[in-house]
Amino acid sequence: MSIPFTCPHCGTYTSVDEQFAGHTGPCANCGNMITIPATSVTYSPGAVPPRRKSKRIFVGLIVVALFCCVGGPLLLAFLLPAVQAAREAARRVECSNNLKQIGIALNYYHDVYGCYPPAVITDEDGFPRYSWRVAILPFMEEVALSDSYDPNVSWDDPANAQVRMTVLPCYQCPSAERYLPNTTDYVMITGEGTVGGVPNEGTKLGDIADDSSNTILVVEIADSFIEWSEPSDLSIDELTMLLNDPQGMGPGSHHPGGLNVLFCDGSTSFISENLDAATLETMLRIDDEGGIGAP
């Protein structure tokens, strides 16, 4: 490797082998004594020092800047829908798992009492006291909460205020908008010929003439404003509305394309929002020997 230097006497630019670094000798041009630099390098007038490394750094900085200004937002625009879709898929699975937990509790209730809980339990005068969601609390690992509930007074009585205001995520779809913290997104269908039946009359598995794997037990309902302890559900007459009705009067969800439902055998399914109301009603009745796809 050569050491470039300039004679301080005559200004002659030359270079010598690095083995002579630090040595002193006469300049080949003017004969004056000079010392070969050991560490510093002096360039002749007009000589251009090497800048390859700095150019590379500069070009790299330009590339990074361009990526941040242009490529980054474009990449984010491509990735964001995929990330949002993945998150919604996870929320839909969590919602389905909530329904499975509810299904296990409802079937445990059936094993103990010989029937499903009616959607609404009233007092002797017909005033609603509590809902099926309260009735299955012991089977939802909420024994203490169940013991704190007074079934002898109305669900919205001050005596039940603490229980009523308790937030139970197992009764809430993670995709739903939450206007009140203690609302639920899962309801039974009520009315003659449904599992929810009429007040105070529980349905037995033996009453279900259809296949239990095709008979719906619980459905999602979007923006219901129903508190989980409130004895309020969805009547089968309201099924004249379309799925995911924009007025929020029929079954629906905040999942794109449809909603989760729970069947009597404890299984869950995601049904399309394009399913016609007549077919859905067939799946909700216990005595028409219908099921999915029935006319």
Side-chain angles (χ1 to χ4, degrees), residues 92-121 130-140 142 168 170-173 176 184-222 224 226 228-239 243 250-253 255 258-272 275 277 279-294:
R92 198 176 96 179
V93 170
E94 184 178 348
C95 175
S96 177
N97 288 338
N98 285 346
L99 284 172
K100 287 179 181 178
Q101 184 180 353
I102 291 171
I104 291 172
L106 283 167
N107 280 289
Y108 272 140
Y109 182 100
H110 188 287
D111 290 343
V112 172
Y113 296 103
C115 65
Y116 291 115
V120 180
I121 295 91
Y130 56 97
S131 77
W132 63 272
R133 288 174 291 268
V134 173
I136 65 171
L137 283 176
F139 307 101
M140 296 284 286
E142 294 289 351
L168 293 181
C170 57
Y171 286 149
Q172 298 179 335
C173 170
T184 183
D185 304 295
Y186 308 123
V187 297
M188 274 189 176
I189 303 300
T190 62
E192 292 286 350
T194 67
V195 178
V198 296
N200 306 319
E201 295 184 13
T203 299
K204 301 177 182 179
L205 274 173
D207 297 332
I208 302 174
D210 302 337
D211 187 344
S212 62
S213 64
N214 284 337
T215 303
I216 293 177
L217 186 54
V218 176
V219 301
E220 281 191 83
I221 179 171
S224 70
I226 298 173
W228 68 264
S229 63
E230 180 180 354
S232 178
D233 289 271
L234 184 69
S235 74
I236 198 162
D237 294 332
E238 292 172 301
L239 293 179
L243 290 179
S253 77
H255 306 302
L259 70 155
N260 285 312
V261 298
L262 169 70
F263 293 100
C264 291
D265 68 345
S267 65
T268 62
S269 181
F270 188 77
I271 62 175
S272 171
L275 184 68
T279 300
L280 178 61
E281 183 174 348
T282 299
M283 296 163 64
L284 290 164
R285 292 195 177 277
I286 63 175
D287 56 0
D288 56 11
E289 298 182 354
I292 297 175

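Positions are given from 1, in the same order as the sequence printed here. Atoms considered below: every heavy atom in the structure, side chains included; atoms not considered: hydrogens, waters and symmetry mates.
Residues L137 and W228 form a side-chain contact, since some pair of their non-hydrogen atoms from C-beta on lies under 4.5 Å apart. Residues E201 and P118 are not in side-chain contact: their nearest non-hydrogen atoms beyond the backbone lie 4.5 Å or more apart. The shortest side-chain heavy-atom distance between Y109 and P138 does not fall under the 4.5 Å cut-off. Two residues are said to be in side-chain contact when any heavy atoms from C-beta on lie closer than 4.5 Å; I102 and M140 meet this criterion. Within the 4.5 Å cutoff, side-chain heavy atoms of D233 are placed close to those of R133. With contacts defined as side-chain heavy-atom distances shorter than 4.5 Å, the pair I286/D210 does not qualify. Residues L234 and M188 fail the side-chain proximity criterion, which asks for heavy atoms closer than 4.5 Å. For the pair V198 and E192, the minimum side-chain heavy-atom distance is below 4.5 Å.
Nearest heavy atom pair, residue R92 against residue H255, reads CA-CE1, 3.6 Å. Heavy atoms only, all atoms of each residue included: P251 and L259 are closest at CB-CD1, 4.0 Å. Closest approach of C173 to D185, counting heavy atoms only: N-OD2, 2.8 Å. Residues I216 and V218 come closest through the heavy atom pair CG2-O, 3.6 Å. The minimum heavy-atom distance between I189 and S235, with the atom names listed, is CG2-C, 4.3 Å.
Formation of a donor-acceptor pair under 3.5 Å by the S253 side chain with backbone atoms of G258 is found in this model. Remark: the backbone N or O of N260 is paired with a side-chain donor or acceptor of E220 at under 3.5 angstrom.
Atom CE in M283 sits 6.0 Å away from atom CG in L275 (nearest 0.5 Å). Note that CD of Q101 is 13.5 Å distant from CZ of F139, once rounded to the nearest 0.5 Å. Once rounded to the nearest 0.5 Å, the distance linking CG of L168 with CD of E142 reads 5.0 Å. Summarising the geometry, atom CD1 belonging to I226 is positioned 9.5 Å from atom OG belonging to S131; distances are rounded to the nearest 0.5 Å.
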* May I have the step-by-step check of side chain to side chain contact (heavy atoms under 4.5 Å, CB included) for S224 and Y186, ending in yes or no? => CA-CA 9 Å; S224 70; Y186 308 123; over 6 Å; no

* For side chain to side chain contact (heavy atoms under 4.5 Å, CB included), just list the numbers for L284 and V219, CA-CA rounded to whole Å, side-chain angles, deciding distance to a tenth of an Å, and then say yes or no. => CA-CA 10 Å; L284 290 164; V219 301; 4.2 Å; yes

* Residues T184, Q172; criterion side chain to side chain contact (heavy atoms under 4.5 Å, CB included); working and verdict -> CA-CA 5 Å; T184 183; Q172 298 179 335; 5.6 Å; no

* To do: Step by step, work out the side chain to side chain contact (heavy atoms under 4.5 Å, CB included) result for D211 and F263.
  => CA-CA 10 Å; D211 187 344; F263 293 100; over 6 Å; no

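Residues passing the side chain to side chain donor-acceptor pair (under 3.5 Å) test with Y116, sequence neighbours excluded: N107. Applying the side chain to side chain contact (heavy atoms under 4.5 Å, CB included) rule to T268 yields the partners S96, L99, K100, L262; only residues at least two apart in sequence or on another chain are considered. Take D207 and apply the side chain to side chain donor-acceptor pair (under 3.5 Å) test, not counting sequence neighbours, and it matches no residue.
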